[in-house]
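Structure first, commentary second.
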Amino acid sequence: MVVSSVLRALDSLGLLDTGPGQQCGLPETGYLGVVRRCLASVGWFDGDAQPATWTPSGRAALRHRDHLVAAGRLLARFAGSAPGAWKTWDAETSDAFSAAVGRFEEWHAGVEQDELVGACLEGALLVPVMLSLRADEGGDRLPRDVERFLALLGWVDAECRWTQKGRAFREFGDHFGLAGSSLPLLARLEELLRGELVVHPGDDAWHGGRELHVWAGSAARRPFFADADPIFQEMFAYGRPPAFIADMGCGDGSWLAHLHAMLGDSVRYVGIDASPVALDAARRKLRAAGVRDPLLLSGDVASPQELGARLAEHGLSIEDGLHIRSFADHGRVYRGGSPSDVPGTASGAYVAPDGTPLSAAAVEADLVAHLERWKPYIGKHGMVLVEAHSVPPHVASQHLGALHAAAFDVHRGLAHQYPVEYSTFMTCCRRAGLTASSHLERRHPATRPFVAVSVNRFVCAQPNPLEVIQRRDRDGRPGAPAVAGQDLVTTARAGDWRPEPGSDLDDGRGLHELLYFDSDLSQPRRWSAGATGVVVREVMAAINARAEQARRGDVIRVLDYGAGTGLAAIELSKVCIAQDLPERLAGLGIGFEIHLVDLPTGWFAQGYELLKDVPWARFHSLRGEDGQFRGLLDVMAGDHVDVVMANMVFHLLREGPMRHAAASIADVLAPGGKLVFNAPDLGPATRNSVLFHDPNRLLRKHWLNALDAADPSHCPAPLREAVALVRSSDRVNAQKRADRRILPTPQSIEGVAAALEPFMTGTSFSQTFELLAEENLATALVPSNQAEFLAEITDRTTREKVIRFIMRECVFPELGKGSAGTGLGYNIEWKFGVFERL
C-alpha cells in the first residue's frame with residue numbers, strides 16, 4: 001500500500017523514470033529521504049550507487065507501473081481522517097474501486113507475475129475493503145465488486161460465504177487500521193516532496209485518523225503485552241511493588257486492562273495520552289474491565305516533568321510509580337541533544353520539525369537526551385518499554401514478507417517520528433545511564449538478523465551492582481551482616497581455589513572488556529547479555545522452584561561450569577539481589593551458594609577478582625594437584641548441586657570430552673536437578689545466521705591462503721610482511737593450537753544432546769543475537785585468542801595488524817553483505833538447552 005502510494009507521487013512529480021535519486025528541482029526535504037528509503041527497503045532502489053538508481057528488480061517491477069500507479073491513485077481517494085470516513089464510499093470512489101478490481105483481474109490472469117507487485121496491488125484494494133467491512137459490521141451482503149475481489153483471493157466461495165482463510169484474515173481486520181490511518185498523509189505526499197507542506201506532530205486533524213489509529217494501534221500492541229508479564233510478576237512477587245503503574249501513551253487502555261487482569265487492585269492504574277480520543281476510549285475500556293478509580297491524564301512522553309506536576313495534583317509522586325509505554329518513545333517530539341556524544345549508526349531517514357533532513361547523530365542525541373529527562377524519576381522502580389525498531393534497507397530487502405519495515409519507516413518518517421535500530425536504541429539507553437534486565441528481555445523476531453520489537457525493563461545503571469552486598473573477609477571473619485541470616489552463606493574452606501599472588505590478569509581483563517562496556521558490571525554487551533540472560537532466567541526459575549521444596553538447614557547450590565571471567569555468575573548474582581533471594585532464603589533458614597568451576601587461567605583469575613567478595617561465591621579448579629582433570633563430584637567434595645549452568649562452554653568440547661563432561665555433570669547433579677546451557681558455535685546455523693567462530697574460521701582461511709600463496713609478494717602489505725616472518729617448522733604446531741580454539745568443523749547440538757541422553761532428559765532450542773563487527777574484532781584481539789587463532793605469527797604487533805586487516809577488508813564485507821548481515825555486524829546462532837537429571 002505504501003509502495004503504491006510512493007510510486008503514484010513520483011509519477012505525478014515526473015520522477016518515476018529517474019527515481020527519487022534525481023530531485024528535478026525539488027527541495028532536499030527530509031520527506032524525499034523517506035521515499036528513497038522506502039524503495040530501498042523493498043529492493044527496488046539503490047541509494048548507495050553512483051548515481052543512485054533503480055535496481056534490476058526495481059526496473060522489472062516498473063514494467064507494471066501503470067497498475068501500481070493506478071493502485072496508488074485509488075488509495076489517494078481515502079484522504080479523509082473523520083471517524084466515519086470508511087463507512088460509505090461516494091459514487092466516484094465506488095466506480096474507481098470497480099475499475100481497480102478489473103485491472104487486478106487482468107494482472108492476475110497475465111503471464112508475467114511479480115510477487116511483490118502482486119502484494120502491492122492486493123494491499124491497495126484490501127485496506128479499503130477490510131476497513132469498510134469493519135465500519136459496516138451489520139451488513140450481511142458484500143458489494144458485488146468486493147465479492148469479485150475477495151473471490152480472487154479465495155476468501156469467499158461461489159455462494160459468497162467466507163472461507164476458512166477469509167475468516168482468519170477478517171479476524172485480523174483491526175490491524176488494517178494502522179495502514180489505513182496513514183492514507184491521509186500519503187495522499188498529500190506530492191505537497192510534502194515539493195516543500196509546500198510540513199507535518200506538525202500532534203496536529204493530526206488532517207494526517208492522523210486518530211480514532212482509527214487508537215483502536216488499530218491497540219490491536220497491534222496487544223500481542224506484546226504478554227511478553228512483559230514476567231517483568232511485573234517478578235516485581236510484585238519479589239521486589240518492592242510500586243504505588244501505581246503509569247502507561248504513557250496508553251491508547252485505549254488495553255495494557256492497563258491486561259495488567260489489572262493479572263495484578264488486580266493491588267496497585268493503582270494511571271493512563272496518560274496526548275489524545276482526548278484515546279483517553280475517552282481508555283475510560284470505557286477500563287470501566288468495562290472493572291478497574292477501580294483509574295486516573296486518566298493528558299500528557300506527552302517528552303515531558304516527564306509536566307507529568308510529575310499533574311500526578312502531584314492527584315496526590316501521587318512520579319518517583320513512586322512504575323512507568324511503562326509501548327511504541328511511544330520513537331514518537332516523541334524532537335528537541336535535540338549533543339550529537340558529539342553518539343555514534344550516529346542509525347540508518348533511518350528522519351525529518352526535522354521544519355521538514356529538512358535530520359542526521360542519525362542528531363536523532364540519537366535527541367533520544368539520549370529524552371531518556372535522560374526520564375532518568376531522575378525511575379530510580380525506584382525503573383521503566384518498562386515496548387519499542388518498535390527500524391531495519392536497514394539492505395537487510396529489510398532480503399526478508400520481505402517477514403517484516404513491516406518499508407511501511408513502518410515511511411509512515412513514522414513522514415510523521416516526524418524517530419525509530420532506530422535495536423542495537424542503536426540499546427546504545428542510546430546505555431549512554432543515558434540506563435541498563436536493561438537481560439533475563440527479562442524479549443525480542444521479535446528471535447531468529448532473524450533484525451529486531452522489529454523489543455520488550456525491556458530498564459533501571460538506572462550503577463557502576464558495580466554487586467556492591468550492595470556487604471563484603472566479608474575471605475578468611476571467614478564476618479563483618480556487618482550483608483543479609484539476614486548471613487551465617488547460612490558458607491565461607492571459604494580448604495580446597496577452594498584462588499589465583500597465585502601476582503597472577504597476570506591482562507588476558508582476563510581483555511575478555512572482561514569484551515563482555516562489559518568499560519568494565520562496568522551494570523552494562524553487559526548485548527552480544528552476550530541476551531544469551532546469558534536466557535540461561536539466568538531458566539536458572540532462577542529452577543532456584544525458586546527448589547526454594548519452595550527446601551527445608552530449614554538445606555543449602556541450594558548452583559555450579560557454574562567453565563565460569564571464565566564470571567559472566568554468568570555475575571548476571572545471576574544481580575538477579576538474586578533484585579529478587580531479594582538471599583534474604584528470602586535466610587528467612588526460611590536455607591543457605592545459598594554459587595560454585596564457579598574452571599581451569600586455572602588468566603580468565604578465571606579475573607573472575608575471582610570480580611566475585612571474591614560476593615558472600616555466596618566459591619571457586620574451584622578443575623585441575624588437581626597432579627595436573628589431571630577432576631570430576632565435578634570430587635571438586636564439590638561430595639556435595640551435590642541443584643543447578644548446573646554452562647555459559648558458552650559446550651561448543652569448545654569435542655565428542656569425547658563432551659561425553660566425559662556430561663557424565664561428570666550428571667554425577668554432581670542431585671536427582672531432578674537442572675542443567676541449563678547455551679553455546680554460540682554449535683551447528684547447524686540457518687540461512688539467516690552464522691556461528692560464533694565462523695568469522696574466525698574465515699580469518700584463519702584468508703591467513704592460510706596468504707601463507708600458501710604461490711607468490712606472496714602479490715599479497716597486501718600487512719600479509720606479505722607477516723608471511724615473511726613465518727617458519728615452516730612452526731606451522732604444524734600452530735595448526736593444532738588453532739584447531740583447539742576454533743574447531744575446524746563445529747560441534748552440533750545433536751552431538752551435545754546425544755552425550756546428555758544417558759543421564760538426562762530435556763529440550764534444546766535456538767535464538768539469534770547480533771554480534772557487532774567491532775566486537776568480533778575485539779574477540780579476535782583478546783591476547784589468548786589471537787595467540788591461538790594465528791599462532792604462526794609470534795610477534796604480537798604484527799599479528800594484530802594482520803587480524804585487523806583481514807577482519808576489516810575480508811571478513812566483515814563477506815559476512816555483512818550475506819543473509820546473516822545486520823547492518824552493523826552479523827546474526828549469531830545460539831543453541832540453548834534445559835535438561836533434568838534422571
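Ring to ring, Phe835 and Phe759 are not that close: their centroids are 6.0 angstrom or more apart.
Contact check for Val368 versus Asp341: no side-chain heavy atoms found under the 4.5 Å cut-off. Counting only heavy atoms from C-beta outward, the side chains of Val420 and Cys428 never approach each other to under 4.5 Å. Taking the side chain as every heavy atom from C-beta outward, Val676 and Asn647 never approach each other to under 4.5 Å. Taking the side chain as every heavy atom from C-beta outward, Arg654 and Thr745 never approach each other to under 4.5 Å. Side chains of Phe408 and Leu403 form no contact here, defined as non-hydrogen atoms less than 4.5 Å apart. When side chains are defined from C-beta on, Asp560 does not count as touching Phe619, because their heavy atoms never get closer than 4.5 Å. A heavy-atom distance below 4.5 Å is found between the side chains of Ser57 and Trp44.
Under the rule for a salt bridge (Lys or Arg N to Asp or Glu O under 4.0 Å), the partners of Arg37 that lie at least two apart in sequence or sit in another chain are Asp409. With sequence neighbours excluded, no residue forms a salt bridge (Lys or Arg N to Asp or Glu O under 4.0 Å) with Asp507. Applying the ring pair (Phe, Tyr, Trp, His ring centres under 6.0 Å) rule to His394 yields no partners; only residues at least two apart in sequence or on another chain are considered. Under the side-chain hydrogen bond (donor to acceptor under 3.5 Å, both in side chains) criterion, Asp518 pairs with no residue, sequence neighbours left out. With sequence neighbours left out, Ser340 forms a side-chain hydrogen bond (donor to acceptor under 3.5 Å, both in side chains) with Ser338. Among residues two or more places apart in sequence or in another chain, the salt bridge (Lys or Arg N to Asp or Glu O under 4.0 Å) test is passed with Asp711 by none. Listed by chain and number, the residues in a side-chain contact (heavy atoms from CB on, under 4.5 Å) with Ala49 are Asp46, Thr53 (sequence neighbours excluded). Judged as a side-chain hydrogen bond (donor to acceptor under 3.5 Å, both in side chains), and not counting sequence neighbours, the contacts of Asp739 are Gln735. A search for salt bridge (Lys or Arg N to Asp or Glu O under 4.0 Å) contacts involving Glu829 returns Lys831, not counting sequence neighbours.
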Check residues 562-572 and write down every donor-acceptor pair under 3.5 Å in which the side-chain atom is one partner and the other belongs to a residue at least two apart or another chain.
{"unit_1": "Glu571", "atom_1": "OE1", "unit_2": "Lys574", "atom_2": "NZ", "d": "3.3"}
{"unit_1": "Glu571", "atom_1": "OE2", "unit_2": "Tyr516", "atom_2": "OH", "d": "2.7"}
{"unit_1": "Glu571", "atom_1": "OE2", "unit_2": "Lys574", "atom_2": "NZ", "d": "2.9"}

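Pairs engaging residues 801-821 under the side chain to side chain donor-acceptor pair (under 3.5 Å) rule: Glu774-Arg808 [sequence neighbours left out]. Screening residues 741-755 for salt bridge (charged side-chain N to carboxylate O under 4.0 Å, His left out), with sequence neighbours left out, gives no hits.
In this structure, Arg430 CZ and Gln523 CD are separated by 6.5 Å, a value rounded to the nearest 0.5 Å. For the atom pair CG (Asp681) and CD1 (Ile828), the distance works out to 8.5 Å, reported to the nearest 0.5 Å. The CZ atom of Arg448 lies 10.0 Å from the OG1 atom of Thr768; values are rounded to the nearest 0.5 Å. Remark: Asn456 CG to Cys429 SG distance equals 7.5 Å, nearest 0.5 Å. To the nearest 0.5 Å, the span separating CZ on Phe458 from OG1 on Thr435 amounts to 8.5 Å. Between atom CH2 of residue Trp603 and atom CG of residue Leu515 there is a gap of 9.0 Å, rounded to the nearest 0.5 Å.
Using the six-membered ring where Trp is involved, His389 and Tyr422 have ring planes that are perpendicular, over 60° apart on the 30 and 60° scheme.
Taking each heavy atom of Arg720 and Cys715 in turn, the nearest pair found is NH1-O, 2.7 Å. The nearest pair of heavy atoms linking Val42 to Ser397 is C-CB, 4.1 Å. The minimum heavy-atom distance linking Ala780 with Phe789 is given by the pair CA-CE1, 3.8 Å. Nearest heavy-atom pair across Thr447 and Asn688 is O-CB, 4.2 Å. Between Phe805 and Pro718 the shortest heavy-atom distance is CD1-CG, 3.8 Å. Closest approach of Ala706 to Leu719, counting heavy atoms only: CB-CD1, 4.0 Å.
The ring-ring contact (aromatic ring centres under 6.0 Å, His included) test with Phe677 singles out one residue from Phe765, Phe832, Phe650, and that residue is Phe650.
No hydrogens or angles considered: a donor-acceptor pair under 3.5 Å links the side chains of Glu421 and Ser347. Looking only at atom types and distance, the side chain of Tyr826 has a donor-acceptor partner in the side chain of Asn776 under 3.5 Å away. Defined by atom type and a distance below 3.5 Å, a donor-acceptor pair is present between the side-chain atoms of Gln786 and Arg799.
Checking side-chain atoms of Asp520 against main-chain N and O of Phe517 turns up no donor-acceptor pair under 3.5 Å. A donor-acceptor contact shorter than 3.5 Å is absent between the side chain of Glu655 and the backbone of Gly751. Remark: the backbone N or O of Ser528 is paired with a side-chain donor or acceptor of Thr532 at under 3.5 angstrom. Put simply, the side chain of Trp527 gets close to the backbone of Leu514: a donor and an acceptor are under 3.5 Å apart.
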**Request:** Go through the steps to decide whether Arg700 and Glu792 satisfy the test salt bridge (charged side-chain N to carboxylate O under 4.0 Å, His left out), and finish with yes or no.
**Result:** CA-CA 11 Å; Arg700 183 93 188 136; Glu792 294 91 347; 2.5 Å; yes

**Message:** Determine whether Asp730 and Arg737 satisfy the following criterion, salt bridge (charged side-chain N to carboxylate O under 4.0 Å, His left out), listing intermediate values before the conclusion.
**Reply:** CA-CA 11 Å; Asp730 294 335; Arg737 292 176 63 183; over 6 Å; no

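A salt bridge links Arg796 with Glu800: the distance from a Lys NZ or Arg NE/NH1/NH2 to an Asp or Glu carboxylate oxygen falls below 4.0 Å. Salt bridge absent: Arg443 and Glu770 never bring a charged side-chain N and a carboxylate O closer than 4.0 Å.
A cation-pi arrangement, defined by a distance under 6.0 Å to the six-membered ring centre and an angle within 45 degrees of its axis, is absent between Arg412 and Tyr418.
For CG of Asp48, the number of neighbouring non-hydrogen atoms (other residues, nucleotides, ligands) closer than 6.0 Å is 12 at most.
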